[in-house]
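Input: a single structure, listed below in structure tokens.
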Amino acid sequence: MGRLDNKKVVIVGVSEGLGYATAYFALKEGAQVCINARTESKLRRMREVLNKYGKIEYVVGDVSNITGAKNVIEKCASLINGIDHLVISVGGYIEDTIENFSGLDEMLTNHIKIPLYVINASLKFLKEGSSVVLVSSMSGISKASPDQLSYAIAKAGLAKEVEVLASELINKGIRVNGIAPTTIDGEFEPERNWRKNRKLGDDKAPPEDFANVIIWLLTDESEWIDGVIIPVHGGSRLK
Ligand SMILES: NC(=O)c1ccc[n+]([C@@H]2O[C@H](COP(=O)([O-])OP(=O)(O)OC[C@H]3O[C@@H](n4cnc5c(N)ncnc54)[C@H](OP(=O)(O)O)[C@@H]3O)[C@@H](O)[C@H]2O)c1
């Protein structure tokens, strides 16, 4: 018995790292999965590799505006016959400073607006028992470096967004949580022994270590967790 048996999971903004690993673990837990990004070749390759673990579909599309987000969500819902859980892992990282905050618009779009567009488009599918997971960053909830002006501000805003959305959706029985990763190290590969690539206290970790927490937030094991960001730093902040 998988922890996500027959659940329909949509993962928006899938990279070769965290999104790919999350899709893999969701399938292994029995979910049907729909993945999204803008690059079709990547999504097709992932579906080819992950097909043997369960039903996986993909939708190519840009979710940086309401119409695009709606399009992706509607297509995913029709391909896997609904949406129980939603993961938004759209990224993008720009370094800038107060001297020249060139990344501000893009960071606010990717980390603040996109989650709102995607959740708005998903509301008609989400229901009691649904779980939504967003991805902040340790730079957004703890110490940021001086060249992370726009990124850290956007990720901090995303952390507050989680709490605000959770409080709004509480009456519908829909949970909203987030994780705050340290550096996500490298690309995901199915079935490997990723644990040998890191040790407790390291300041970066393979995608699997972060994806596992996302999966837990989707399962009923975390049913009493709502409106929080879980720092996932492997103890590195203690050093
Ligand atoms: N990597 C790290 O070290 C790190 C550390 C802390 C937090 N995080 C956060 O963890 C999450 C995953 O990290 P990551 O490194 O895997 O992220 P990423 O590669 O920067 O972004 C994930 C994917 O989102 C897709 N994407 C970007 N804009 C999109 C749009 N408008 N519409 C649809 N898809 C879009 C991109 O694929 P396409 O180009 O194919 O669309 C990209 O591969 C992100 O939220 C990131 O900010 C990452």
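Both ligands and their constituent atoms are indexed starting at 1 by order of listing. No experiment lies behind these values; they were computed from the predicted model shown. In this chain, residues are counted from 1 in sequence order. Computed over heavy atoms, backbone and side chain alike; hydrogens, waters and symmetry mates excluded.
For atom 35 (C) of ligand 1, the closest heavy atom belonging to the protein is Arg38 NE, 3.8 Å. Nearest non-hydrogen protein atom to atom 40 (O) of ligand 1 is Thr39 OG1, 2.5 Å.
For a threshold of 3.5 Å applied to N or O pairs, the pair formed by Val90 and ligand 1 contains at least one separation below that value. Residue Asn110 has no N or O atom closer than 3.5 Å to an N or O atom of ligand 1. Annotation: Val63 places an N or O atom under 3.5 Å from an N or O atom of ligand 1; distance criterion only. Checked by distance only, ligand 1 and Ile114 stay at 3.5 Å or farther apart across all their nitrogen or oxygen atoms. Polar contact with ligand 1: absent for His111 (N/O pair, distance under 3.5 Å). Residue Thr183 places no N or O, backbone or side chain, under 3.5 Å from any N or O of ligand 1. Taking distance alone, with nitrogen or oxygen atoms compared against 3.5 Å, Gly19 stays at or beyond that limit from ligand 1. An N or O contact shorter than 3.5 Å is missing between Ser137 and ligand 1 by distance.
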Evaluate Ser222 against Arg175 for side-chain hydrogen bond (donor to acceptor under 3.5 Å, both in side chains), listing each step before the verdict. CA-CA 10 Å; Ser222 62; Arg175 298 185 293 128; 3.1 Å; yes
Start with the C-alpha gap between Ile141 and Met138, add the side-chain angles, then the distance that decides, and say whether side-chain contact (heavy atoms from CB on, under 4.5 Å) holds. CA-CA 5 Å; Ile141 65 161; Met138 285 305 294; 4.0 Å; yes
Would you check, one step at a time, whether the test side-chain contact (heavy atoms from CB on, under 4.5 Å) holds for Met107 with Ile153? CA-CA 9 Å; Met107 292 297 91; Ile153 288 172; over 6 Å; no
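Using a 4.0 Å heavy-atom cutoff, Pro181 is listed among the residues neighbouring ligand 1. In this structure, Val72 falls outside the shell of residues with a heavy atom less than 4.0 angstrom from ligand 1. Within the structure, the closest approach of Gly68 to ligand 1 does not fall below 4.0 Å when heavy atoms are considered. In this structure, Gly92 is part of the shell of residues with a heavy atom less than 4.0 angstrom from ligand 1. Ligand 1 lies less than 4.0 angstrom from a heavy atom belonging to Lys155.
Relative ring orientation between His111 and Tyr151 is described as perpendicular, the plane-to-plane angle rising above 60° on a 0-90° scale split at 30° and 60°.
In Ala180, neither the side chain nor the backbone holds a heavy atom less than 4.0 Å from any atom of ligand 1. The proximity of Lys204 to ligand 1, defined as any non-hydrogen pair under 4.0 Å, does not occur for either the backbone or the side chain. Here Val14 has backbone heavy atoms under 4.0 Å from ligand 1, and that is the only part of it that gets that close. Contacts between Val12 and ligand 1 below 4.0 angstrom, taking non-hydrogen atoms only, are absent altogether. The residue Tyr117 has no part lying near ligand 1, judged by heavy-atom distances below 4.0 Å.
Looking at every heavy atom in both residues, Leu27 comes nearest to Gly54 through CD2-C, 3.8 Å. Here the shortest heavy-atom pairing between Pro206 and Asn197 reads CG-CB, 4.0 Å.
In this model, a donor atom of one side chain and an acceptor atom of the other lie less than 3.5 Å apart for Tyr93 and Gln148. Using a 3.5 Å distance cut-off with no hydrogens or angles, the side chains of Tyr24 and Glu189 do not pair a donor with an acceptor. Between the side chains of Glu40 and Tyr58, at least one donor-acceptor pair of N or O atoms lies under 3.5 Å. A side-chain N or O of Asp96 and one of Ser150 form a donor-acceptor pair less than 3.5 Å apart.
Of the inter-residue distances, the one linking Asn193 atom CG with Glu208 atom CD reads 9.5 Å to the nearest 0.5 angstrom.
For the side chain to side chain contact (heavy atoms under 4.5 Å, CB included) with Leu86, the lone residue among Val9, Ile11, Ile73 that qualifies is Ile73.
Near Ala37, meaning under 4.0 Å from one of its heavy atoms, ligand 1 places the atoms 34 (N), 37 (O), 38 (P), 40 (O), 41 (O). Within ligand 1, the atoms closer than 4.0 Å to a non-hydrogen atom of Asp62 are 30 (C), 31 (N), 32 (N), numbered from 1 in the order shown. Near Gly61, meaning under 4.0 Å from one of its heavy atoms, ligand 1 places the atoms 32 (N), 33 (C). Those atoms of ligand 1 that come under 4.0 Å of a heavy atom in Ser136, given as number and element, are 7 (C), 9 (C). Near Tyr151, the atoms of ligand 1 lying under 4.0 angstrom from a non-hydrogen atom of the residue are 6 (C), 7 (C), 8 (N), 47 (O). Atoms of ligand 1 found under 4.0 Å from any heavy atom of Gly13 (numbered from 1 in listed order, with element): 22 (C), 23 (C), 24 (O), 25 (C), 34 (N).
Comparing Asn65, Ile214, Ile184, Val232 against atom 1 (N) of ligand 1, the shortest heavy-atom distance belongs to Ile184.
There is no protein heavy atom closer than 4.0 angstrom to atom 15 (O) of ligand 1.
Two residues are said to be in side-chain contact when any heavy atoms from C-beta on lie closer than 4.5 Å; Gln32 and Asn6 meet this criterion.
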